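Notes follow the structure.
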Amino acid sequence: MRLSSISTRYPVSPWSTPALVLFAIAITFVITAGPILLAGANPIAAYAEFVVIPLTSQFTLLEVLVSATPILFTGAAVAIAFRAGYWNIGAEGQLLLGAIAAAGVGTTVGDLPGIVALPAMLLGGAIAGAAWALLPALLRVRFGIDEVVTTLLLNPVALLLVNGLLHGPWRDPVTGFPESPRIAASAEFPALIDRSRLHLGFVIALVVIATAWYVIARTPAGLRLRAAGLSPHGARFAGINVSRTLIVAALASGAIAGLAGVSEVAGIQHRLTSGLSPGYGYTGIVVATLGTLTMGGVVLAALFLGDLTVGASTAARSLGIPSQLGAVVQGVLLLTVVALLTLRRGNSSRPVDAGPPAGESAEHEPAPTEGAVT
Amino acid sequence: MAGVPGSAPALELRGITKRFGDLVANRSVDFDVVGGEVHALLGENGAGKTTVMRIAYGLTHPDAGSVLVEGHEVAIRSPRDAIAAGIGMVTQHFSLVGPMSVAENLALGRASGLRLDLDAARRRAVHAAERFGIRVDPDARVADLSVGEQQRVEILKALARDCRILILDEPTAVLVPAEIEALFATLRSLLEEGLSVVFISHKLGEVRAISNRVSVLRQGQMIGTVAGSTDERELARMMVGRPMLGVERSAGAPAPSEAEPVLRIRDLRVDGAHGRPSVEDVSLGVRGGEILGVAGVSGNGQTELMAVLSGMRRPVAGTVSVGDLDLTGADPRQMTAARVGRIPEDRHASLIPDLSVAYNLVMERLDDFRHSGRIDERAIRAHADELIARFDIRASPDDRVAALSGGNIQKVLLARVLSRDPRVLVVSQPTRGLDVGATEYVRSQLLARRADGAAVLLVSEDLDELLALADRLIVLYEGRIVGEMSAQEADREQLGMLMAGRGRNP
């Protein structure tokens, strides 16, 4: 009968998520054309340089993957927390703690073989990242203290901790530079391809993301996490322990961000430095948002931003424009995506042209595509 | 009371058509209301009555058709245009600012200039509340008010605006009979001043009591316009295309009155806003095979009582037990484990609207649908197919709950609860906002559980519902039980007095 056809269908939003992200990229290119022109370059040539050129040689292609590696970790970390409705802005600090732990383990495992040293370092980094994420999570579920503030404020604290160590006990005894001693050779991530910087961390990141996808999409725990994020009240009503879910999500997020720190120390720097992360934790928020909090989206977004990072530095050389333009493009892209997501959500909750709010009758608003799992 | 013959209607809609995707919500609908009349728009949920009036108020844009005010076509692109044209609307979903007081909310609708005179706003709120006979504390924070009280503020807000055409979307859903009468008296006095009222409803009694004319919409099409005095059977036939059946508890209640109560509450006390208890000294027992009705105006402790029985809130004092099991301060999981089925007034918030019907149906018992560590999608789907068929849910397992109609959302919740064979059912406002068919279905399900021996606590503001279903009634007023009676002895007038706080003291 007709009623059933009414109640079982609703118009799909014209702005599917991939379309929205592509549209955002187009808008971003239009907006950033201004600064590129000011820098004295042809915007079309600059975008080709940013996006296409890095994919044309093996060396730059591998560099794209190297650039994507840390933000694969932090993007996944942020996406997991956000999916649970826990707004972890502290991936940067958790990454630094992971890096500290990696350097600590890496410089003390000297004689142990890699088969022991590498897992010890990964475990240490994950635990350190999770520990850094624990306090804000407890404050949130116990006292309702906003984790956006607490996780954010712990980031500079983590950086101070790194600098304190580097200017104090861990200062390199040989050079006197504020850098830790080099980690043991057995603790370094092996390169995946000879004479490239692409290292084991890239594979570990993909394994972590595949695991996270499986847990979120296929297990009861993942469904509880999604439920808690989509409707905390409804989840609690159904008997789900929302507090525990949030804490677990926060710890998983912190652990994965910690692995990003391990990956940078063991794969790239081979020691703890204060300039270890140019804001990979914050870029993780960009990656998670661009990837619309799905693991497949995180992979695509991290690769795209990696592409952009490599492209910006080659463009700086070939076109003579500041490499910071890459960061400008990235920033504008984030703002555009967030604005479009907000507009889409606003269109569906604001009643104009969207029909009555769902639930009171059979006519329906365009569906926001939350809860999609890739 | 009708307008001057020959003059243009106050509001006229011509040929309104609105599609949502493939769905035609309104198919070339014509409607008009003249000065000094109440014109009811009657129809089931999903019939398109709300949509057509949202178009008149600028909340939705039509695909075709025009809006005329006093005979002149007006372009209504937003509620701002509608208000300027003298159209006001009270929607079902409130547009109140939660953290602000009632007075401040009323001031928002008419604020002008830079300075906000809160004392004047407060005086106006008190004045408006008196003038329209709607009791609201002007200093109360809106977020602390119950759903029913918030709706009263919404009605006040619309009435306080100087509109000539007032559209009320199911305004009485959360009012008790005495308040409905007061509202009707208010509307009648406004009519004498030449105001026009469009009254959206699916309640036949109300429509007949207040309307000069009734137009009936069914599946987006205008079925016809008849006089307000048309008899209920005829209106029901127009509305649902078939005569309405009554669902009522069988006479000769099976509940053995000497049996021990299954659900027992002793000296319960729950804290509310403003540091004052919202439930105090409440003791009651519900036996198996019995429906205990809880009557009262919303905001008198029902929400808090339900929250405790749902495991969502801890009482300050008192005990709750089911059989020999102490459930004082139990959480939702413990409540479910004790076979307490919970259907609270806010269905949306009790489900995960953005997840599928199938997932929502198993959300309380995910561990039963696990297969070697994974979600057993096949079993979840089979379970959903079974419940969808058994509870007549008009949806497919993969539909998001948010995309369902109110009646189907309620059926999803009902199916989740009843499929677990609860021995205690706590239910609040189970048919609020549902159409005739869904209402009958929900009521018949509650009666079926009663026949199977479940103890049912039914909170409702709909006296007809309570009188039709409950074996015994208690009345809550300001958090206390102020009256108790068997349903057979209950009389409407006495109940109304108790609900309004004018009964004997406990």
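In this text, all values refer to a predicted model and were calculated from it rather than measured experimentally. Throughout, protein chains are lettered first and strands after them, A, B, ... in sequence-line order, and every chain is numbered starting at 1. No hydrogens, no waters, no symmetry mates; every other heavy atom, side chains included, goes into these values.
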Original post:
Quick one: do B/Arg370 and B/Asp376 make a salt bridge, cutoff under 4.0 Å?
Top reply: no
Original post:
Do B/Asp367 and A/Arg224 sit within salt-bridge range, that is, some charged N less than 4.0 Å from a carboxylate O?
Top reply: yes
Original post:
Under 3.5 Å, side chain of B/Thr431 to main-chain N/O of B/Leu434, donor-acceptor pair present?
Top reply: no
**OP:** Flag the one option from A/Ser231, A/Pro220, A/Ala221, A/Ala227 with the top tally of heavy-atom pairs under 4.5 Å to chain B.
**Re:** A/Pro220
Original post:
Most heavy-atom pairs under 4.5 angstrom with chain B, which of A/Gly234, A/Gly222, A/Pro232?
Top reply: A/Gly234
Original post:
Please, which pairs that meet salt bridge (Lys or Arg N to Asp or Glu O under 4.0 Å) have at least one residue in residues 234-249 of chain A, sequence neighbours excluded?
Top reply: none
Original post:
Between B/Met312, B/Gln410, B/Arg416, which has the largest tally of heavy atom pairs under 4.5 Å with chain A?
Top reply: B/Met312
Original post:
Looking at B/Leu351, B/Thr91, B/Asp331, which one has more heavy-atom pairs under 4.5 Å with chain A than the rest?
Top reply: B/Leu351
Original post:
For B/Arg342, is it the side chain, the backbone, both, or neither that has a heavy atom closer than 4.5 Å to a heavy atom of chain A?
Top reply: both
Original post:
Which bit of B/Thr336 is near chain A, if near means a heavy-atom gap under 4.5 Å: side chain, backbone, both or neither?
Top reply: neither
**OP:** Scan side-chain atoms only and decide if A/Asn88 and A/Ser253 contain a donor-acceptor pair under the 3.5 Å cut-off.
**Re:** yes
